[in-house]
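See below for the structure under consideration.
Numbers here simply count residues along the sequence, with the first being 1. Note that the coordinates shown come from a computational prediction; the quantities given were computed from them, not determined experimentally.
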Amino acid sequence: MASFRSKVKDKLVRSIKANLKRRSIFVPSRPEFGLHTAKVFPPSPKLTFREKSYQVTSFGQQGEDLILNRIFLRRLGINTRMHNGFYMDVGAYHPISHSTSYLLYKFGWTGACVDISRKTCKLIEQFRPRDRVFHAAISDADGKMNAAAVEDISLVNEASYDVVGQSRDMLIDSRSISSILDEMGKTDRIDYLNIDVEGGELAALGGLDFDRHRPRVISIEIHDTDIMAALETDVAKKIRGEGYVPVGCAAITYFFVDQGDLS
C-alpha cells in the first residue's frame with residue numbers, strides 16, 4: 001500500500017512540475033537586473049497562426065533594435081540580416097536583456113562590448129562568444145579612472161560621474177573608443193555605435209576619431225524634457241556637428257545617421 005501511494009505521489013509531482021514548466025516564462029530574477037530565471041505566470045492568450053506571423057521580438061529596453069533595423073533598411077539601404085556588420089556597444093549592461101545590439105548579433109554581426117561591471121563582461125563572454133569584451137570605463141583617452149567596485153550587473157555607470165551613495169575607492173582602466181577599435185584592428189569606419197554611460201557621453205564621444213572610425217549609425221541616451229530640448233543638448237550638438245542627422249527616437253534613446261550615407 002505504501003509503495004502504491006509513493007508511486008501515485010511521484011506521478012502527481014511529475015505532472016505538477018511538467019505543468020509548471022509549460023506555464024513558465026522567463027523574467028528577471030530582480031527587476032531589470034541579473035540573469036533571467038523561470039517563474040510561473042498564467043499563460044498568455046493563445047495567438048493564431050496568422051497573428052504569430054506578424055509577431056516581432058525586441059531585446060531592447062524600448063524597442064531600439066527594431067527601430068535600428070528599420071533605419072538601416074529604409075534610410076541606408078542595408079539589410080541587417082544579409083550584411084556582415086560590426087558594432088560597438090558601450091555600456092552594454094547585459095548580453096541579451098536591454099540590449100540594442102543582440103538582435104544584430106543574432107543576424108551574424110560581431111563587435112566590441114564595453115562595460116564597467118565584471119559580471120556583465122563575464123555574461124557577454126559566455127553568451128556572445130563572437131564579440132570582444134572590454135572591462136573598462138569609457139573616456140576621451142586611455143588611463144585610469146576612479147570607480148565604485150562594480151561586481152553585479154548595473155544600469156548605472158559608476159565611474160567618475162555623479163552616483164549618489166557610491167564610494168569610488170577602486171581604480172579601473174579607462175579606454176577611448178578609437179583605442180579599443182585600434183586594438184581590434186579596425187582601421188576604417190564601423191557600422192553602428194551605441195553609447196549608454198549615464199553621464200559620460202561627451203567624454204565617450206571625445207575619444208572617437210570620426211575621421212577613421214566614423215559610424216554609419218549612432219544611438220545614444222539623452223535625458224531631457226522633450227525631443228526638441230534633447231536635440232539642443234551638448235551631446236546632440238556634438239554629434240550633429242560631426243555631420244550626423246537625427247532620424248529617430250525611442251523615449252530616451254536617440255538615433256543619428258551619417259549625412260553622407262543617407263539614401
Exercise. Taking C-beta and beyond as the side chain, do H135 and E125 meet within less than 4.5 Å on heavy atoms?
Worked result: no

Problem set entry | ILVMFWY cluster, V133 and L193 together (side-chain gap under 4.5 Å) | no

Exercise. Step by step, would you call D258 with R216 a salt bridge (Lys or Arg N to Asp or Glu O under 4.0 Å)?
Worked result: CA-CA 5 Å; D258 185 356; R216 299 180 192 275; over 6 Å; no

Problem set entry | Validation row: T233, E201 side chains within 4.5 angstrom (heavy atoms) | no

For this session: Classify the side-chain pair E64/T253 by whether it contains a donor and acceptor separated by less than 3.5 Å.
Result: yes

Exercise. When rounded to the nearest 0.5 angstrom, what distance separates CG in N194 from CE in M88?
Worked result: 11.0 Å

For this session: Please list, chain by chain and in numerical order, all residues satisfying salt bridge (charged side-chain N to carboxylate O under 4.0 Å, His left out) with K106, sequence neighbours excluded.
Result: none

For this session: Could you grab the distance from atom SG of C249 to atom OH of Y254, nearest 0.5 Å is fine?
Result: 4.0 Å

Exercise. Which residues satisfy the salt bridge (charged side-chain N to carboxylate O under 4.0 Å, His left out) test with D234, sequence neighbours excluded?
Worked result: none

Problem set entry | Side chains of L205 and I220 in contact at under 4.5 Å (non-hydrogen atoms) | yes

For this session: Taking the side chain as every heavy atom from C-beta outward, state whether L68 and L104 have any atom pair closer than 4.5 Å.
Result: yes

Seminar exercise, completed: Across all chains, not counting sequence neighbours, the side chain to side chain contact (heavy atoms under 4.5 Å, CB included) partners of T110 are F86, R130, D131

For this session: With the side chain counted from C-beta on, respond yes when D89 and V114 share a heavy-atom pair under 4.5 Å apart, and no when they do not.
Result: no

For this session: Check whether any side-chain heavy atom of R189 lies under 4.5 Å from a side-chain heavy atom of H213, and answer yes or no.
Result: no

For this session: Any chance you could lay out the ring pair (Phe, Tyr, Trp, His ring centres under 6.0 Å) test for Y244 and F256, step after step, and finish with the verdict?
Result: CA-CA 6 Å; Y244 284 78; F256 299 82; 7.5 Å; no

Problem set entry | Residues which pass ring pair (Phe, Tyr, Trp, His ring centres under 6.0 Å) with F134, listed by chain and number, not counting sequence neighbours | none

For this session: Not counting sequence neighbours, which residues clear salt bridge (charged side-chain N to carboxylate O under 4.0 Å, His left out) with D173? List them please.
Result: K144

For this session: State yes or no: do F255 and V56 share one hydrophobic cluster built from I, L, V, M, F, W and Y residues joined by side-chain heavy-atom distances below 4.5 Å, directly or via other members?
Result: yes

For this session: Check the hydrophobic clustering (I, L, V, M, F, W, Y; side-chain heavy atoms under 4.5 Å; chains of links allowed) and say if I252 and L231 are grouped together.
Result: no

Exercise. Do I190 and L181 come close enough that some side-chain heavy atom pair is under 4.5 Å?
Worked result: yes

Seminar exercise, completed: So CD1 of I96 and CG of L123: to nearest 0.5 Å the spacing works out to 9.0 Å

Problem set entry | Point-to-point distance, once rounded to the nearest 0.5 Å, from CZ of R128 to OG of S101 | 3.5 Å

Exercise. Hey, is R212 close enough to D182 for a salt bridge, meaning N to O under 4.0 Å?
Worked result: yes

Exercise. Would the number of heavy atoms belonging to other residues, nucleotides or ligands and lying under 6.0 Å from CG of N84 be above 12?
Worked result: no

Exercise. For F72, which of W109, Y87, F107 qualifies under ring pair (Phe, Tyr, Trp, His ring centres under 6.0 Å)?
Worked result: W109

Exercise. Less than 4.5 Å apart, any side-chain heavy atom of T100 and any of F59?
Worked result: no

Problem set entry | Where D115 and C121 come nearest, the two heavy atoms and their spacing | O-SG, 3.6 Å

Seminar exercise, completed: To the nearest 0.5 Å, atom OG of S219 lies from atom CD1 of I195 at 8.0 Å

Exercise. Is the shortest distance from a Lys or Arg side-chain nitrogen in R132 or E183 to a carboxylate oxygen in the other one below 4.0 Å?
Worked result: yes

Exercise. Roughly how far apart are L208 CG and I138 CD1, rounded to 0.5 Å?
Worked result: 10.0 Å

For this session: Keeping the roles fixed (side chain from D226, backbone from M228), state whether a donor-acceptor pair exists under 3.5 Å.
Result: yes

Exercise. Do D209 and R214 pass the salt bridge (Lys or Arg N to Asp or Glu O under 4.0 Å) test, and can you show the C-alpha distance, the side-chain angles, and the key distance before you say yes or no?
Worked result: CA-CA 7 Å; D209 186 338; R214 190 174 185 85; over 6 Å; no

Problem set entry | Hphob cluster co-occupancy, I227 + I222, side-chain heavy atoms under 4.5 angstrom | yes

Problem set entry | No-hydrogen, no-angle side-chain donor-acceptor test under 3.5 Å, S58 and D65 | yes

Exercise. Sequence neighbours excluded, which residues qualify as salt bridge (charged side-chain N to carboxylate O under 4.0 Å, His left out) partners of E242?
Worked result: K238

Problem set entry | Y102-V217 co-clustered via ILVMFWY side chain contacts under 4.5 Å | yes

